[in-house]
Each structure stands twice: as structure tokens, then as C-alpha cells.
**Student:** 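Just dropping this structure here.
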There are 2 protein chains.
Amino acid sequence: MAEQTEVPRRTPLSRERVLRAAVALADEAGIDSLSMRNLAQDLGVVPMALYKHVANKDELVAGMIDVVIDEIAPPLADTDWKHAVRERILSARRVLQRHPWVSLAIESQQTPTPAILAYLDSMVGTFRTGGFSVDLAHHVMHAMGSRTLGFSQELFDTARNAGRTGVTSPEPPAALPAQFADRFPNLAKIAVVASHDDTSVVGRGCDDQFEFEFALDLLLEGIERLHQQGWTSAR
Amino acid sequence: MAEQTEVPRRTPLSRERVLRAAVALADEAGIDSLSMRNLAQDLGVVPMALYKHVANKDELVAGMIDVVIDEIAPPLADTDWKHAVRERILSARRVLQRHPWVSLAIESQQTPTPAILAYLDSMVGTFRTGGFSVDLAHHVMHAMGSRTLGFSQELFDTARNAGRTGVTSPEPPAALPAQFADRFPNLAKIAVVASHDDTSVVGRGCDDQFEFEFALDLLLEGIERLHQQGWTSAR
DNA sequence: AGAGACAGCGTACGCCGTACACCAAAGAAT
DNA sequence: ATTCTTTGGTGTACGGCGTACGCTGTCTCT
């Protein structure tokens with residue numbers, strides 16, 4: 001008649017569950033709200049319990065980054081390097097847009113995570129298979145820079161700070177604050193033109209996706225030109 | 001005979017002095033060691049004294065960014081847009097290399113600082129003066145991305161974390177840890193080739209400056225081509 | 001039945017940013 | 001000369017953070 005504990009015995013923690021909960025928390029509440037204490041609370045557990053599954057907070061976010069990076073689609077097979085690289089980068093971009101805190105997290109790490117190394121390695125492999133010399137592949141990877149990972153930071157992108165201010169910016173900068181146009185006339189002009197066919201005269205900003213692909217294609221075409229003319233280290 | 005206080009009456013604080021001390025502290029000890037308390041101590045003052053000169057920590061680092069950005073040389077006059085842009089970006093790069101914490105700080109801000117807006121505005125102006133349409137200038141600014149500011153993050157650049165670990169990495173990864181070459185064969189190959197004429201077989205890595213200019217010129221030449229063929233929004 | 005290993009708990013420490021009340025000295029106004 | 005106000009530095013205190021360390025209850029293997 002032992003009244004066995006009828007409390008539902010919640011499924012035990014695991015590194016997997018911790019990382020997933022952390023990613024969810026960062027996605028919803030912003031990276032600033034990711035504390036060991038908040039995360040523990042979300043998991044219905046005491047903060048120190050987490051340390052049985054992750055070594056410390058740095059290692060936690062490293063794990064979170066790897067979880068996200070693994071969402072990136074593998075490279076297309078049976079196509080030319082250019083198409084393969086382009087599509088993979090756009091896949092990476094889609095992933096990082098779902099998790100806006102990741103790009104900053106990646107840049108804050110002092111050491112690349114295994115998943116990122118694997119991703120970069122595979123990207124290099126695509127170039128090599130496409131006939132690139134080791135040297136050219138190397139320079140090209142540098143040239144792509146963070147764009148390889150699907151971001152190039154839209155300087156001060158608001159999405160990245162989602163949840164930082166709670167609500168996700170329902171305010172388009174209705175009228176950019178008056179002196180702006182005087183102090184920064186060139187930027188102002190761009191801002192106005194960029195919102196060409198929008199209802200509001202100013203504010204929607206520009207099409208991030210277009211800008212990203214514009215830059216990506218500019219690079220890819222420059223790279224293709226180098227490749228076709230048999231680039232050698234003599235510059 | 002009033003023994004007037006002979007204590008040297010240290011020069012009073014000012015926003016200027018606070019910002020300069022903060023930049024110096026971040027330069028020397030790394031951005032992680034920049035706390036209001038440490039900064040106050042450096043200035044021989046109690047932490048709360050700082051708040052008479054800066055609103056809060058975010059506003060402090062915004063001010064620090066502006067101090068640094070203002071070190072960037074103005075654009076060259078009397079030259080073509082390409083040369084002007086190239087040299088200015090290289091100047092920005094030199095500045096940001098002196099203050100390795102800045103690029104991350106910039107990316108962490110949710111709003112661009114005035115000095116950055118001024119810098120970007122001036123850069124747009126250089127393109128416009130060079131005959132670029134508003135539209136093309138806009139896209140081109142996006143294409144340059146963070147390279148406009150002289151960095152493109154050398155993914156996990158060690159310099160950026162200077163002081164983070166105290167001593168500035170006297171360890172070249174003497175032998176990259178064995179399984180590396182197995183797990184990431186393409187990266188390994190690059191790493192080996194990159195250290196071609198070095199004494200150690202592996203480790204020095206690559207010439208960051210060369211890589212930066214390689215990518216910069218790749219972009220500038222692609223941009224020049226667009227410009228010369230009279231780019232219009234039809235892509 | 002006893003011995004480990006494992007996972008979650010509780011407490012505590014030293015950092016952090018900063019709100020708030022206070023106070024000395026320096027002008028400014030009387 | 002006296003008072004008032006402003007300015008800039010002080011002291012205390014609060015809540016939040018990451019995490020070291022020791023305890024406890026449960027599950028497994030012998």
C-alpha cells in the first residue's frame with residue numbers, strides 16, 4: 001500500500017533539453033534575458049541543476065550555437081559550386097533569421113564551435129570541389145567573411161535585439177527626428193528613396209533580403225571572374 | 001593662518017575624461033573588465049560619481065565608440081571615389097585595430113551612434129560625388145557591410161578579446177589538436193598552406209591585412225564594374 | 001543488503017549596474 | 001555678508017548575476 005509518489009515525475013533534464021530550452025528562451029525573450037536562473041525556472045529546476053549538464057554559461061551558449069548551426073541545410077549536390085554556395089548561404093541566412101541572437105553570440109565567442117568549423121570546412125570543400133586552388137579558396141572564404149554564415153550584420157539590425165525591449169518594435173521611426181536630414185543628408189536621401197513605393201513616405205527601410213543577395217551575388221561574380229581567369233597568388 | 005587644504009585637488013571629472021579613461025581601460029584590460037566600478041577606481045573616484053557624467057553604462061560605451069570613430073581620418077579630397085573609399089576604409093581598419101573591442105561594441109548597440117552615422121553619411125557622400133545614383137550608393141553600402149567600418153570580423157579574431165585572458169595569446173596553436181585535421185580536412189589544408197614560408201609548419205595563420213584588402217578590392221572592383229556599365233535597378 | 005554513481009537542491013560569495021539620500025564647495029542673488 | 005542654488009563626489013543599499021561547494025535522495029549493480 002505504499003502510496004507511490006503520484007507527482008508526475010517530470011522527465012529528467014539532459015544536455016539536449018537544456019540547450020533546446022535555452023535556444024527557445026533566447027528566441028522569445030532575447031539573449032539578454034538568458035540567465036542561468038531564468039533558464040532553470042523555465043525548466044522547473046533550481047539554477048545549479050543546469051551545471052550537471054553544461055560546464056558554465058559560455059559552454060551553454062556554445063552549445064546553443066551548435067544547435068542552431070546544425071539547422072543549416074547541407075550543400076546541394078549535383079550542381080556547380082556557385083549555385084551550391086549561394087543556396088547554402090541563403091539557407092544559413094534563413095536559420096539565423098529565426099534565431100536573431102546567434103550572429104552576435106558567434107562573434108562574441110573567442111573560439112569557434114565544432115559545428116561552425118564543420119560548416120566552414122564543408123564550404124571550403126565546395127569551393128575545392130569546384131576546382132578552386134587551396135589558396136584561392138582560402139582568400140575567398142575571407143572575402144565572404146560573415147556573409148558565409150548568412151549574416152553581414154545589418155548594422156544595428158533591430159531583429160537581433162528582439163525581446164530586448166519586450167515588444168518587437170511596432171514603431172517604424174514614424175518621422176526620423178527632424179535634424180537627422182540636416183546632419184546626415186546622404187543617409188536621409190537613401191532612406192527616402194528606399195521606401196519608394198511604400199505607403200508611408202519614410203520608415204520601412206529597405207529590403208534586407210534584396211540587399212543581402214545583391215552583395216552576395218556581387219561577391220560570387222567577382223569570385224567567379226577570378227576563378228575563370230585562373231587566379232594565382234600574384235595579385 | 002587657515003591651513004588651506006594642501007591636498008592637490010585632483011582635476012575634476014568630465015565626460016571627456018571619463019570616456020578617455022574608459023577607452024584606455026577597454027584597450028588594456030579588455031571590454032569584459034570594463035565595469036563602472038573598475039573605471040571609477042582608475043579615476044580615483046567612487047562608482048556613482050560616474051553617473052554625473054554618463055547616464056548609464058550603455059550610454060558610456062556609446063560615447064566610447066564615438067571617441068574611437070572620431071579617430072578615423074576624413075576622406076581624401078582630390079581623388080577618385082575608389083581611392084578615397086579604399087583609403088578611408090583602411091584608415092578605419094587601423095583605428096579599429098588599435099581598439100579591438102570596438103567592433104563587437106558597435107554590433108551590440110541597438111542604435112547607431114552619431115559618429116557612426118556621420119561616418120556612414122560621409123561615405124555615402126563620397127560615392128554620390130563619384131557619380132553614383134542614390135540607389136546604387138545604397139546597395140553598395142549594404143554590400144560593403146561591416147567592411148565599411150574597417151572590420152569584417154575575422155571570425156573569432158583573438159585580438160578582439162585582448163585582455164580577456166590576461167596575457168595576449170603567446171600560444172600559437174602549436175599543433176592543432178590532432179583530430180582537427182581529420183574532422184576538418186579542408187580547413188586544415190588551408191591552415192597548412194597559409195603558413196607557407198613560416199618557420200613553424202602550422203600556426204601563424206594568414207595575413208589578415210592581405211585578406212582584408214583582397215576582399216575589399218574584390219568588392220570595389222565589382223562595384224566599379226556596376227558603376228561603369230551604368231547600373232540601374234533592373235538586375 | 002550494501003556501495004557507488006548520478007541528478008537535483010540549498011546556501012553562500014563576490015561581482016555587477018544603479019536608485020536614492022546626503023553633503024561640501026562654488027557661484028549667484030540678495 | 002548672507003543666503004540660495006547648483007554642481008559634483010560620497011555612502012549605503014538593492015536586486016540580479018555566475019557559480020563553488022556540500023548535501024540528499026534515487027537508481028543501478030553487485
Side-chain angles (χ1 to χ4, degrees), chain A residues 2-22 25-26 29-64 101 104-105 108-110 161 163-166, chain B residues 2-22 25-26 29-64 101 104-105 108-110 161 163-166:
Chain A
E3 52 141 332
Q4 68 240 53
T5 71
E6 220 38 81
V7 266
R9 295 307 283 110
R10 52 193 165 55
T11 69
L13 248 44
S14 72
R15 183 175 165 90
E16 184 75 7
R17 265 186 16 100
V18 169
L19 293 183
R20 293 202 176 285
L25 176 54
I31 194 71
D32 290 347
S33 319
L34 177 74
S35 70
M36 298 305 268
R37 289 167 147 93
N38 284 345
L39 177 55
Q41 188 162 36
D42 276 18
L43 288 163
V45 110
V46 91
M48 286 310 293
L50 302 175
Y51 288 85
K52 290 281 153 70
H53 304 276
V54 295
N56 52 53
K57 192 175 178 182
D58 277 2
E59 208 253 344
L60 169 73
V61 343
M64 294 167 64
W101 47 271
L104 197 62
S108 309
Q109 296 272 313
Q110 72 277 49
N161 310 319
R164 207 150 167 155
T165 54
Chain B
E3 53 140 332
Q4 69 239 52
T5 72
E6 219 39 79
V7 266
R9 293 307 282 111
R10 51 194 166 55
T11 68
L13 247 45
S14 71
R15 183 176 165 89
E16 184 75 7
R17 267 188 11 103
V18 169
L19 293 183
R20 292 201 177 287
L25 177 54
I31 193 70
D32 290 349
S33 320
L34 177 74
S35 69
M36 299 304 268
R37 289 167 147 95
N38 285 345
L39 178 54
Q41 188 163 36
D42 277 18
L43 288 162
V45 111
V46 91
M48 286 310 293
L50 302 175
Y51 287 85
K52 289 282 151 72
H53 304 276
V54 295
N56 52 52
K57 193 177 178 183
D58 277 1
E59 207 254 344
L60 170 73
V61 342
M64 294 167 64
W101 48 272
L104 198 62
S108 309
Q109 296 270 313
Q110 72 277 50
N161 310 319
R164 205 145 165 160
T165 54

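Just so it is clear: chains get the letters A, B, ... in the order the sequence lines come, proteins before strands, and each one is counted from 1.
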**Student:** For A/Ala22, what residues pass the side-chain contact (heavy atoms from CB on, under 4.5 Å) criterion, not counting sequence neighbours?
**Tutor:**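 A/Ala22 satisfies side-chain contact (heavy atoms from CB on, under 4.5 Å) with A/Leu34, A/Leu39, A/Leu60, A/Met64 once adjacent residues are dropped.
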**Student:** Checking B/Glu16 now: which residues fulfil side chain to side chain donor-acceptor pair (under 3.5 Å) with it, not counting sequence neighbours?
**Tutor:**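 Once residues adjacent in sequence are excluded, the partners of B/Glu16 under the side chain to side chain donor-acceptor pair (under 3.5 Å) criterion are B/Arg20.
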**Student:** If you take all heavy atoms of B/Ser33 and B/Ala29, which pair is closest and at what distance?
**Tutor:**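 Shortest heavy-atom contact: OG-O, 2.8 Å.
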**Student:** Check whether any side-chain nitrogen or oxygen of B/His53 sits under 4.0 Å from OP1 or OP2 of D/dT7, and answer yes or no.
**Tutor:**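 Looking at the OP1 and OP2 atoms of D/dT7, neither is under 4.0 Å from any side-chain N or O of B/His53.
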**Student:** If you compare all heavy atoms of A/Pro47 against all heavy atoms of A/Arg37, which two are closest, and at what distance to 0.1 Å?
**Tutor:**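 What the structure gives for the nearest pair is CG-CG, 3.9 Å.
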**Student:** Atom CD of B/Gln41 and atom P of D/dG11: how far apart are they, to the nearest Å?
**Tutor:**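 After rounding, the reported distance stands at 14 Å.
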**Student:** Rounded to whole Å, please give me the gap between CG in B/Leu60 and P in C/dC16.
**Tutor:**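 The answer, rounded to whole Å, is 14 Å.
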**Student:** Using whole Å, what does the distance between atom C1' of nucleotide C/dC9 and atom CG of A/Leu43 come to?
**Tutor:**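 After rounding, the gap between these two atoms is 15 Å.
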**Student:** Whole Å only: how far is the NZ atom of B/Lys52 from the P atom of C/dC22?
**Tutor:**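 After rounding, the gap between these two atoms is 14 Å.
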**Student:** Going by side-chain contact (heavy atoms from CB on, under 4.5 Å), name the residues that satisfy it together with B/Glu59, two or more places apart in sequence or in a different chain.
**Tutor:**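 Checked B/Glu59 against side-chain contact (heavy atoms from CB on, under 4.5 Å); matches are B/Arg15, B/Val54, B/Ala55, B/Asn56.
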**Student:** Starting at CZ of A/Arg15 and ending at P of C/dC6, how long is that distance when rounded to a whole Å?
**Tutor:**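 Taking atom P of C/dC6 as the reference, CZ of A/Arg15 is at 17 Å.
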**Student:** Check the distance between C/dG8's P and A/Leu50's CG and give it to me in whole angstrom.
**Tutor:**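 Computing the A/Leu50:CG to C/dG8:P distance gives 9 Å.
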**Student:** Would you kindly give the CZ-to-P distance between B/Arg17 and D/dG9, to the nearest whole Å?
**Tutor:**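 Atom CZ in B/Arg17 sits about 9 Å away from atom P in D/dG9.
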**Student:** Please report the shortest heavy-atom distance between B/Leu43 and B/Ala21, naming the atom on each side.
**Tutor:**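 Nearest pair, atom of B/Leu43 first, then B/Ala21: CD2-CB, 3.6 Å.
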**Student:** Polar atoms only, N or O, under 3.5 Å: list the protein pairs with nucleotides 17-19 of chain D and their distances.
**Tutor:**
unit_1, atom_1, unit_2, atom_2, d
D/dC17, OP1, A/Ser35, OG, 3.1
D/dG18, OP1, A/Met36, N, 3.4
D/dG18, OP1, A/Lys57, NZ, 2.9
D/dG18, OP2, A/Met36, N, 2.9
D/dG18, N7, A/Arg37, NH1, 2.3
D/dG18, O6, A/Arg37, NH2, 3.2
D/dT19, OP2, A/Tyr51, OH, 2.9
D/dT19, OP2, A/Lys57, N, 2.8
D/dT19, O5', A/Tyr51, OH, 3.4

